[in-house]
Amino acid sequence: MPILEIKHLEKSFGDHQVLKDISFDVSKGDVTCIIGSSGSGKSTLLRCINFLEEPTSGTILYHGKNAATEWKKTEYNSKVGMVFQSFNLFGNMTALQNCVVGQQKVLSRNKADAEKQALRFLEKVGMAEYRNARPAQLSGGQKQRVAIARALCMDPEILLFDEPTSALDPEMVGEVLNVMKDLAAAGMTMLIVTHEMSFARDVASRILFMDGGVIVEDESPAVLFTAPKQPRTQEFLRRVLERQL
Amino acid sequence: MNLPSTFFEWVGFLLDKYGALFLRGTGITMLVALSGTVIGFLIGLLVAIVRTIPLPHGHWARRLPLRAVHFLLNVYVEVFRGTPMIVQSMVIYYGAMQIGIRMPVLLAAILIVSINTGAYMAEIIRGGIISVDKGQKEAAVAIGMTHWQSMVNVVLPQAVRNIMPSIGNEFVVNIKDSSVLNVISVGELFFMSKSAAGTYMRYFEVFFITACIYLVLTFTVTRILRLLEKKMDGKANYTIYGSQSDSKSSIRVNEEEEEE
């Protein structure tokens, strides 16, 4: 059974419909990459999944139960982690405190356990040495790795990544992608909005191509990158791959 | 009786004679200004937290209670920002008397300054909240925090840091404007000065002294608040633990040194 089921999700901002009848499932261990041009609704889709945006209609089932009504919002949010394009680390806290605060306040863990868990994941993303640094003292890539550790500390079942490398200098993109590759290899269920085509091709178990608020194509990377069926996908890939490779 | 003849002789004479009075007035002024600013700050925090609760989605009836609370808070802010404190003190003090509550004047003074400051603080803190990047609030909600938790742990500490200069302003304004409370006979510095001046009719000398005291108070307060701001900014340096070759080593990074 899939852990996350999106059914007929729609989202409008005023008259402008951003998402139209989106349906797909996520199963345990899936690494799903969502690609598409800017304004195609990728980020909005991710933000609807953890209710940073309220969907206009449609349902989201988490373990078969309606995420909006049958789950407690805070519990659902702690299970579905999110990594943002702009990192969004808490500016008033050190790297360690960033990873500890959610565990203490949301999961009611004691300080010692929370710090142990935080150090374990900071270690995993290679940031344990910087545990006492504040966000303003870190580079973009370092901030994003701390943000990933912060999300992992909550023991999420699914991680959502909203263009995690788009705000980074080119030489820092690699360090963040490597962390994400390790997570994928360790079996983490991930839903990733990205413009990194080679990453998507190498890591994803499945690619969703979005355009104009709909999922145009839903395929394995092997098929989508070599033999896309839809003309819109072909057009998009031709433009993007020309530039990236 | 030999009265002084020059300005400075008068100042010395008055200080000698009414020193205790000035001191008492200064004490009351500081007590009213400090407690008024602190309580006003707490009122402002509460108002700002409530005013930033996102409206629930769905049927309009679910939004009604919060809308009503927001409306009342807006009325509070508008009324107390829109009328002079000197008038508020008359209305509150004599209004309470009318309905049979005879407040001690000092209590009335603190109450009035607190409520008045609260209305300004609510707006200042709202500005502080807006100044904190809203992505951090989203990140807090995304790891499962409630509105209250994300405000208390993430947004407000940074908002308060950002508005420290404005809070300092309010404190200084309160030190000075508590003087209007003399209309309800609060024994603060201005009130005490007036009684000291009356006996010998030396208004200029007395209020020269009074002005100096106010200036010393406000200057000291602004310096102390500056130090507090520095402290809130946290350490400029941090320690890097371990290294590739030696996991026990540590390096201290000092930002200030780098910048200089």
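Order of the sequence lines sets the chain letters (A, B, ...), proteins ahead of strands, with each chain counted from 1.
- For the pair A/Lys124/A/Asp182, no side-chain contact is recorded, criterion being any heavy-atom separation below 4.5 Å from C-beta on.
- Judged by the 6.0 Å and 45° rule, A/Lys11 forms a cation-pi pair with A/Phe13.
- Of the listed residues (A/Ile148, A/Thr194, A/Leu159), just one forms a side-chain contact (heavy atoms from CB on, under 4.5 Å) with A/Met180, and that residue is A/Ile148.
- The two residues A/Ala133 and A/Leu138 make their nearest non-hydrogen contact at CB-CD2, 3.8 Å.
- Note that CG of B/Asp233 is 12.0 Å distant from NZ of B/Lys231, once rounded to the nearest 0.5 Å.
- Put simply, of A/Val106, A/Thr94, A/Leu107, A/Val101, the one with the most heavy-atom pairs under 4.5 Å next to chain B is A/Val106.
- The contact between A/Leu89 and chain B is made entirely by backbone atoms, counting heavy-atom distances below 4.5 Å.
- A side-chain N or O of A/Ser43 and one of A/Asp162 form a donor-acceptor pair less than 3.5 Å apart.
- Looking at A/Asn50, the atoms closer than 4.5 Å to chain B (heavy atoms on both sides) all sit in the side chain, from C-beta outward.
- Distance NZ/A/Lys28 to CE/A/Met188: 7.5 Å, rounded to 0.5 Å.
- By the 4.5 Å heavy-atom criterion applied to side chains, A/Glu157 and A/Tyr62 are counted as neighbours.
- Of the atoms belonging to A/Val83, not a single heavy atom falls under 4.5 Å from chain B.
- Taking all atoms of both residues into account, the shortest heavy-atom contact from B/Asn174 to B/Gly36 is ND2-C, 4.3 Å.
- Atoms OG and NZ, from A/Ser57 and A/Lys7 in turn, are 14.0 Å apart once rounded to the nearest 0.5 Å.
- Counting heavy-atom neighbours within 6.0 Å of A/Lys181 NZ, excluding the residue itself, gives a total above 12.
- Among the residues in residues 213-222 of chain B, none has a non-hydrogen atom closer than 4.5 angstrom to a non-hydrogen atom of chain A.
- At a threshold of 4.5 Å between non-hydrogen side-chain atoms, the residues A/Val146 and A/Val125 do not count as touching.
- Interface summary for chain B: among A/Met154, A/Lys105, A/Arg134, the most heavy-atom pairs under 4.5 angstrom belong to A/Lys105.
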*Apply the test ring-ring contact (aromatic ring centres under 6.0 Å, His included) to residues B/Tyr120 and B/Phe80: give CA-CA distance (whole Å), side-chain angles for both, the deciding distance (0.1 Å), then the verdict.*
CA-CA 8 Å; B/Tyr120 283 91; B/Phe80 280 88; 9.9 Å; no
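- Between A/Lys143 and A/Gln137, the closest side-chain pair of non-hydrogen atoms is not below 4.5 Å.
- For A/Phe90, the parts lying under 4.5 angstrom from a heavy atom of chain B are both the backbone and the side chain.
- Ranked by heavy-atom pairs shorter than 4.5 Å toward chain B, the options A/Tyr130, A/Phe87, A/Tyr76 are led by A/Tyr130.
- Judged by distance alone, the side chains of A/Gln97 and A/Asn92 never bring a donor and an acceptor atom under 3.5 Å apart.
- In terms of the side chain to side chain contact (heavy atoms under 4.5 Å, CB included) criterion, B/Lys230 has no residue partners (sequence neighbours excluded).
- With rounding to the nearest 0.5 Å, the separation of CD1 in B/Ile224 from CZ in B/Arg226 is 13.5 Å.
- Residue-level contacts of residues 127-140 of chain B with chain A, in order of numbering, are B/Asp133, B/Gly135, B/Gln136, B/Glu138, B/Ala139, B/Ala140; threshold 4.5 Å between heavy atoms.
- Applying a 4.5 Å heavy-atom cutoff, the residues of residues 148-165 of chain B that approach chain A are B/Gln149, B/Asn153, B/Val154, B/Pro157, B/Gln158.
- If you measure heavy-atom distances from A/Lys73 to chain B, the contacts under 4.5 Å come from the side chain alone.
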